[in-house]
2 protein chains.
Amino acid sequence: MSDLLERLRGRGWRMTAQRRVVAEVLNGEHVHLTADEVHARAVAKLPEISRATVYNTLGELVSLGEVLEVTTDKRAKRYDPNAHRPHHHLVCARCGAIRDVHPLGNPLADLPDTERFGFTVSDVEVTYRGLCPDCAGA
Amino acid sequence: MSDLLERLRGRGWRMTAQRRVVAEVLNGEHVHLTADEVHARAVAKLPEISRATVYNTLGELVSLGEVLEVTTDKRAKRYDPNAHRPHHHLVCARCGAIRDVHPLGNPLADLPDTERFGFTVSDVEVTYRGLCPDCAGA
DNA sequence: GCTTGACTTAGACAAAGTCCATTGTAGGAT
DNA sequence: ATCCTACAATGGACTTTGTCTAAGTCAAGC
Ligand SMILES: [Mn+2]
Ligand SMILES: [Mn+2]
Ligand SMILES: [Zn+2]
Ligand SMILES: [Zn+2]
């Protein structure tokens, strides 16, 4: 998305080949790649890009609110370019496939005051788990 | 809980000092310790217990359904002895405090068929985030 | 085209977790 | 009570994921 790149340049981001490539890799719907996966795809386009730069760039994109960190997987964080429409995730317990989903209702409203222990609750993260059609299809 | 130990012995678990100590450490409400924290507390009661044994025992307790793995923290998995009453978690974004919570309603019902992509959805995991009273009180 | 501070790099380091060969022991058998 | 043996514990090597740093490179403004 050159949209994204424009926006970042406007925010004073110095444009480099490495950052362009990372932004290109993080493009599309239902994209939830680990840092290593991003690195592997970036290397295919720009062989000399380093792991550290991928980590740095992902971290910056997260700070800037352009990419979300998702932790559906207990092993590695995943990076989600769909940061502008709030959503939750549906994960296949067998193969790990991840889809963006948009449930009805607001789970925040379902948490009664008596269950808040005085916390100021500001956010909720929901992960649905099950089997994808491929993995369920006997 | 000797309840737990009894149940496990009934299932053919060989009872050892190490397993007893790990089970003792995992006792109480709102307990969500990392493996290393479990190890530290276990060492206080049984100095020679090894890290590997703590990991093995926690893994077995999870397989047996007696302990839940919780991943509210992106760093280390946490182990939750409250496995018999389904619940969700409320996490302080600042200090990491974790409380068990029991929301109303069933978030599974809030996911329309059109948002299921053919998945067989069987479970949902909800994490509320905010600030605990201590961290919110400036 | 210079200059310069921001960016990139390779590799060391760290934290969380797994694996394995060896040693120890719980609990049934005698 | 003692023996046996399959199961469990141990320490350390190894892997994975991520962070940090010192030195080299380059985008962009002048
Ligand atoms: Mn997503
Ligand atoms: Mn819990
Ligand atoms: Zn699947
Ligand atoms: Zn707090």
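Below, chains carry the letters A, B, ... as their sequence lines are ordered, and counting in each starts from 1.
Rounding to whole angstrom units, CG of residue Asn56(A) and C1' of dA6(C) are separated by 12 Å. Residue Met15(B) contributes atom CE, which lies 21 Å from atom P of dA6(D) at whole-angstrom precision. The interatomic distance linking Arg9(B) (CZ) with dA8(D) (C1') rounds to 16 Å, in whole Å. Note: CZ (Arg20(B)) to P (dA9(D)) measures 11 Å, nearest angstrom. Atom CG in Asp73(B) sits about 12 Å away from atom C1' in dA15(C), given to the nearest Å. Distance, Leu58(A) CG to dT8(C) C1': 15 Å, rounded to whole Å. For Tyr79(B) and dA16(C), the OH to P distance is 12 Å, given to the nearest whole Å. In this structure, Lys77(A) places its NZ atom 12 Å from C1' of dA15(C), rounding to the nearest Å.
Listed here is the closest heavy atom pair of Val101(B) and His89(B): CG2-N, 3.9 Å.
Comparing Glu60(A) and Arg14(B) by the nucleotide of DNA chain C whose heavy atom lies nearest to each, the residue mapping closer to the 5' end is Glu60(A). When each of Trp13(A) and Trp13(B) is assigned the nucleotide of DNA chain C bearing its nearest heavy atom, the one mapping closer to the 5' terminus is Trp13(A).
Here the side chain of Ala52(B) is nearest to one of dG18(D), dT10(D), dG17(C), namely dT10(D). For Glu48(A), whose side chain is taken as the heavy atoms from C-beta onward, the closest listed nucleotide among dT9(C), dT17(D), dT10(D) is dT9(C). Counting only heavy atoms from C-beta on, Ile49(B) has its side chain closest to dT10(D) among dA28(D), dC20(D), dT10(D). Comparing atom distances between the Tyr55(A) side chain and each of dG17(C), dG18(D), dT10(D) picks out dG18(D) as nearest.
Taking 4.0 angstrom as the limit, Ser50(B) places none of its side-chain polar atoms (N or O) nearer than this to OP1 or OP2 of dA9(D). Put simply, Gln18(B) has no side-chain N or O that comes within less than 4.0 Å of OP1 or OP2 on dG24(C). Taking 4.0 angstrom as the limit, Thr16(A) places a side-chain polar atom (N or O) nearer than this to OP1 or OP2 of dT8(C). Proximity of Arg19(A) to the phosphate of dC7(C): a side-chain N or O atom is located under 4.0 Å from OP1 or OP2.
Without hydrogens or angle criteria, Arg19(A) side chain to Thr57(A) main chain gives no donor-acceptor distance under 3.5 Å.
A donor and an acceptor atom sit less than 3.5 Å apart, one in the side chain of Arg51(B) and one in the base of dG17(C).
A salt bridge links Arg11(A) with Glu66(A): at least one charged nitrogen is closer than 4.0 Å to a carboxylate oxygen.
If you check the side chains of Asn82(B) and His32(B), you find no donor sitting under 3.5 Å from an acceptor. A side-chain donor from one of Asp80(B) and His87(B) sits under 3.5 Å from a side-chain acceptor of the other.
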